[in-house]
Amino acid sequence: MSMGYLLPRSAETDSTDDTPIVWRGLMVQKAVQQLLFDVDWSLSQSGSGPLDILVVDMPPGTGDVPLTLGQLVKVDGSVIVSTPQDVSLADVRKGIAMLRKVSVPITGLVLNNSHYLCPTCSSSSTSPHAQPQYLFGPPDRFRATASRLEIPTLAELPLVPGVSATGDRGVPYGLVERKKREAEDGRGGHEWIDAMAGVAERVWQGLKETTA
């Protein structure tokens with residue numbers, strides 16, 4: 001389910017791709033309420049039974065969406081994604097403070113675009129000890145923030161071009177054929193898949209502990 005399904009289509013393109021969401025706070029709150037309670041999340045038509053978990057992907061910041069979500073339902077966990085830059089970490093710190101204020105558990109942090117492993121450079125594509133390239137700065141400030149706020153780091157994901165390319169096509173990177181990933185993204189793609197599998201495992205384990 002996507003917010004895009006609730007937007008009017010453009011008369012010129014018959015698409016919602018370029019349709020802006022110009023909503024005030026009350027409209028945003030109502031949309032979140034509809035997504036939570038007016039959508040059949042039970043999968044009753046397919047006979048698969050209730051959902052094991054509902055993941056809500058939200059924009060960064062401390063706006064109406066996370067506040068409304070925290071007020072309307074019991075959230076069992078949250079994962080905060082950052083990039084190495086200071087401007088991103090500033091949003092992370094504010095987001096953590098907001099979630100703690102509304103009593104939403106924080107499962108952990110994920111550092112995206114942490115480093116880059118060149119797939120065509122022999123030193124990084126064949127050597128397991130090759131040095132990563134920190135295109136957006138080293139992860140030191142992110143690690144310091146996680147340590148100071150006492151929140152576990154779930155993963156430090158490399159910058160992988162294939163993740164962006166497949167996302168634009170609506171295909172999860174994890175569903176890309178392994179040989180294709182290795183040919184196009186090298187060790188970075190393999191590291192990304194392993195790291196995300198670790199994130200999923202730790203999130204699932206954290207939710208089981210929270211709801212036990």
Show your working on side chain to side chain contact (heavy atoms under 4.5 Å, CB included) between Phe136 and Thr83 and close with a plain yes or no.
CA-CA 8 Å; Phe136 302 107; Thr83 56; 5.9 Å; no
Any chance you could measure Thr210, atom OG1, to Gln205, atom CD, to the nearest 0.5 Å?
10.0 Å
Would you kindly confirm whether Leu117 and Tyr134 end up in one hydrophobic cluster when ILVMFWY residues are joined by side chain heavy atoms under 4.5 Å apart?
no
Considering all heavy atoms, the nearest Trp41-Leu35 contact
NE1-O, 2.7 Å
For a quick test of reading the model, state the closest non-hydrogen atom pair linking Gly174 to Arg181 and the distance between them.
O-NH1, 3.8 Å
What heavy-atom pair brings Val28 and Val65 nearest, and what distance separates the two atoms?
CG1-CG2, 3.5 Å
Among pairs that include at least one residue of residues 169-180, which meet salt bridge (charged side-chain N to carboxylate O under 4.0 Å, His left out), considering only residues two or more places apart or in two chains?
Arg178-Glu182, Lys180-Glu184
Non-hydrogen atoms of Pro152 and Thr107 that approach each other most closely
CG-O, 3.4 Å
Does any non-hydrogen side-chain atom of Ser78 lie less than 4.5 Å from one of Ile106?
yes
Chi angles and distances behind the side chain to side chain contact (heavy atoms under 4.5 Å, CB included) call for Thr68, Gln33
CA-CA 8 Å; Thr68 302; Gln33 184 175 343; 5.8 Å; no
Side chain to side chain contact (heavy atoms under 4.5 Å, CB included) with Phe142: of Asp86, Thr153, Val110, only one passes, and it is Thr153
CH2-CD1 distance between Trp204 and Ile53, expressed to the nearest 0.5 angstrom
6.0 Å
From Leu67 CG over to Gln29 CD, what is the distance, rounded to the nearest 0.5 angstrom?
8.5 Å
If you count heavy atoms of other groups shown closer than 6.0 angstrom to CG of Leu175, is the number above 12?
yes
Just wondering, are more than 12 heavy atoms of other shown residues or ligands nearer than 6.0 Å to CG in Asp57?
no
Count I, L, V, M, F, W, Y as connected when their side-chain heavy atoms are under 4.5 Å apart, and connections chain through other members. Are Leu157 and Val55 then in the same cluster?
yes
Qualifying residue for side chain to side chain contact (heavy atoms under 4.5 Å, CB included) with Leu111, from Ser88, Pro158, Pro139
Pro139
Are Val56 and Ile80 co-members of a hydrophobic cluster defined by side-chain heavy atoms under 4.5 Å apart?
yes
pair Leu69-Leu36: side-chain heavy atoms closer than 4.5 Å:
yes
Quick one: are Leu154 and Val203 in side-chain contact, heavy atoms under 4.5 Å?
yes
Is it possible for you to say whether Val163 and Leu135 belong to one hydrophobic cluster, with membership spreading through side-chain heavy-atom contacts below 4.5 Å?
no
What are the two closest heavy atoms between Leu72 and Phe37, and how far apart are they?
O-CZ, 3.9 Å
Tell me, with the steps shown, if Leu109 and Ile96 meet side chain to side chain contact (heavy atoms under 4.5 Å, CB included).
CA-CA 10 Å; Leu109 302 177; Ile96 290 171; 4.1 Å; yes
CZ-OG distance between Arg141 and Ser82, expressed to the nearest 0.5 angstrom:
10.0 Å
Single-linkage hydrophobic cluster Val79~Leu207, side-chain heavy atoms < 4.5 angstrom
yes
Scan residues 69-85 for pairs that pass salt bridge (charged side-chain N to carboxylate O under 4.0 Å, His left out), counting only residues two or more places apart or in two chains.
Lys74-Asp76
Side-chain contact test, heavy atoms from C-beta onward, threshold under 4.5 Å: evaluate it for Val102 versus Gln71 and give yes or no.
no
To the nearest 0.5 angstrom, please state how far the CZ atom of Arg93 sits from the CZ atom of Arg148.
6.0 Å
Over all heavy atoms of both residues, which pair between Arg100 and Glu150 is shortest? Give the atoms and the distance, please.
NH2-O, 4.5 Å
When rounded to the nearest 0.5 Å, the distance separating CG of Leu54 from CG of Asp52 is 11.5 Å
